[in-house]
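Only one structure is covered here, and it is reproduced in the block below.
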Protein chains: 2
Amino acid sequence: MVKELDKKIEALPDHVGWRLWQASRAWQAEFAAAMRAAGHGWFTEARAGLLGHIARNGMRQSALIERSAISKQAIQQLLDGLEAEGIVERLPDPQDGRGKLVRYTRKGLDALHDGDRVKMEIERRYIGRIGKERFTALMDALRALAAAQAAAMDEDAGAEGEVVESK
Amino acid sequence: MVKELDKKIEALPDHVGWRLWQASRAWQAEFAAAMRAAGHGWFTEARAGLLGHIARNGMRQSALIERSAISKQAIQQLLDGLEAEGIVERLPDPQDGRGKLVRYTRKGLDALHDGDRVKMEIERRYIGRIGKERFTALMDALRALAAAQAAAMDEDAGAEGEVVESK
DNA sequence: TGAGTATCGTCAAGTATCTTGACTATATGG
DNA sequence: CCATATAGTCAAGATACTTGACGATACTCA
């Protein structure tokens, strides 16, 4: 019994990528469970990520595309789903016949509110688990990493990023 | 121009879950790109995660299932793919007619070696980007989080985790 | 010994997320 | 007015999972 447990622990991967993936999945599972408990079963991980980018007062779909790291088609599909759930609605942009404005419905704003609450709860739980100091260090490192990566990507783009269509 | 950039930055979500997800995706993209460059195009993220759990000298599929956070069916599908690629092979377990042993092929071991190299390279890059101290703090926090979460799950299971099938 | 039960792996079907390619409609700038 | 770029959509497919059902083997204990 004990021997098996030992084996299990001893062999877990321990590189950054694995740890990040693990932590990310755990967070998402916790968030999804809490949101389901709050009656928002439609709140999947990708949708949550996208909603985090939509300004409370709405925005153009194209602006959303710029902000998110995924393709316009993927965003469209997510929005389709969210629209079907009644979380957001899409209106034609009066300024540009091609564009559309995405904005929250009443239901969407309520869900957003619950989402924020749940996020704060989870954060509190995390701080309780690993201590405020460690948590702060975690956020600090993650922010630094994101900033550094964004900078690295900008450099690539600025230098000569378009070697893709060779061959 | 500048104004648009400001907008873009100002609106990024900043909670733990989002940061973890971002960081995880960025790591995976970096890893996949490097592995592709090394001629291992089949090395997808889920496969990499699974391979991280397979002992160098092979192991039972059921042991793999215990270690991984995903379902046995998902693991089977991943193994199917890896087997088709010639990375691992599955042999009947002489000790147990139901079981199978999973082990690396020669090609798999080579890929694993490249994978380890790439992981170390990325880690070095990360340390270069955010500093050794921050990186250490990051790993420390992630490990603590994983340990605390595992403990929390064990508690749940020990107490009364089976309220699922009510209603 | 043999019936019930648990474990191991598989098959099948479905969902979520994301990708690429092709296309329409509108805007913009000579 | 025409060429080109941009905004959004449609369709098809890949990947990474999920749940449910199932067959085969092993274990237990009366």
Side-chain angles (χ1 to χ4, degrees), chain A residues 4 21-22 24-26 28-29 31-33 35-36 41-53 59-85 88-102 164-165, chain B residues 4 21-22 24-26 28-29 31-33 35-36 41-53 59-85 88-102 164-165:
Chain A
E4 279 168 21
W21 182 76
Q22 272 281 84
S24 172
R25 290 206 80 204
Q28 280 160 7
F31 182 73
M35 287 305 275
R36 238 179 292 122
W42 51 269
F43 222 104
T44 66
E45 80 191 60
R47 285 172 172 181
L50 185 64
L51 289 179
H53 283 94
M59 66 193 306
R60 288 197 59 187
Q61 193 165 321
S62 56
L64 194 51
I65 289 164
E66 274 178 35
R67 285 189 186 179
S68 309
I70 55 180
S71 70
K72 59 183 179 176
Q73 293 96 327
I75 286 173
Q76 194 204 338
Q77 288 163 8
L78 289 171
L79 285 176
D80 285 349
L82 288 169
E83 203 171 16
E85 297 281 354
V88 301
E89 51 190 357
R90 276 183 282 192
L91 312 168
D93 183 348
Q95 248 96 68
D96 186 334
R98 299 165 301 176
K100 291 207 177 157
L101 298 174
V102 181
V164 183
E165 86 296 4
Chain B
E4 279 169 20
W21 183 74
Q22 272 280 86
S24 172
R25 292 205 79 207
Q28 280 160 7
F31 182 73
M35 288 305 276
R36 239 179 292 120
W42 52 269
F43 221 106
T44 67
E45 79 192 62
R47 285 173 171 181
L50 185 64
L51 289 179
H53 284 94
M59 66 193 307
R60 289 198 56 188
Q61 194 166 319
S62 56
L64 194 51
I65 289 164
E66 272 179 35
R67 287 189 183 178
S68 309
I70 56 181
S71 71
K72 59 182 179 175
Q73 294 95 329
I75 286 173
Q76 195 205 338
Q77 287 162 10
L78 288 171
L79 285 176
D80 286 349
L82 289 168
E83 202 170 17
E85 297 282 351
V88 300
E89 51 189 358
R90 276 182 282 192
L91 313 169
D93 182 349
Q95 248 96 69
D96 186 334
R98 299 165 300 177
K100 290 206 177 159
L101 298 175
V102 181
V164 184
E165 86 296 3

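Each chain gets a letter, A, B and so on, in the order its sequence line appears, and its residues count up from 1.
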Practice item. Let me know the distance between CZ of B/Arg98 and P of D/dT25, rounded to the nearest Å. Key: 11 Å
Check your understanding: Could you state the CZ-P distance from B/Arg60 to C/dT10, rounded to the nearest angstrom?
Key ->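 Distance check: B/Arg60 CZ to C/dT10 P gives 12 Å.
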Return the [atom1] to [atom2] distance between [X] and [Y], rounded to the nearest 0.5 Å.
{"X": "A/Ile65", "Y": "A/His53", "atom1": "CD1", "atom2": "NE2", "answer": "12.5 Å"}
{"X": "A/Gln95", "Y": "A/Arg60", "atom1": "CD", "atom2": "CZ", "answer": "8.5 Å"}
{"X": "A/Leu64", "Y": "A/Lys72", "atom1": "CG", "atom2": "NZ", "answer": "14.0 Å"}
{"X": "B/Asp80", "Y": "B/Ile75", "atom1": "CG", "atom2": "CD1", "answer": "12.0 Å"}

Review point. Has B/Ser62 got a side-chain N or O lying under 4.0 Å from the OP1 or OP2 atom of C/dT7?
Key: no
Review point. For B/Asp96, which contact category applies under a 4.0 Å heavy-atom criterion: base, sugar-phosphate, or nothing?
Key: sugar-phosphate
**Study point:** Audit row: A/Leu79, A/Lys100, side chain to side chain contact (heavy atoms under 4.5 Å, CB included) steps and yes/no
**Key:** CA-CA 12 Å; A/Leu79 285 176; A/Lys100 291 207 177 157; over 6 Å; no
Point to revise | Partner set under side chain to side chain donor-acceptor pair (under 3.5 Å) for B/Glu83, not counting sequence neighbours | key: B/Arg90
Exercise for review: Summarise how protein sits on nucleotides 9-19 of chain D as a single string, 5' to 3': B when a protein heavy atom is under 4.0 Å from the base, S for sugar-phosphate-only contact, - for no contact.
Suggested key: BB-B---SBBB
Point to revise | Divergence of helical axes at both termini of the helix from C/dT1-D/dA30 to C/dG30-D/dC1 - five pairs an end, 10° steps | key: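 Roughly 10° between the end axes, to the nearest 10°.
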Study note, to complete from the structure: For B/Trp21 and A/Ser24 the tightest heavy-atom approach is CA-OG, 3.4 Å
Check your understanding: If you look at every heavy atom in B/Ala69 and A/Gln22, which pair is closest and at what distance?
Key -> CB-OE1, 4.2 Å
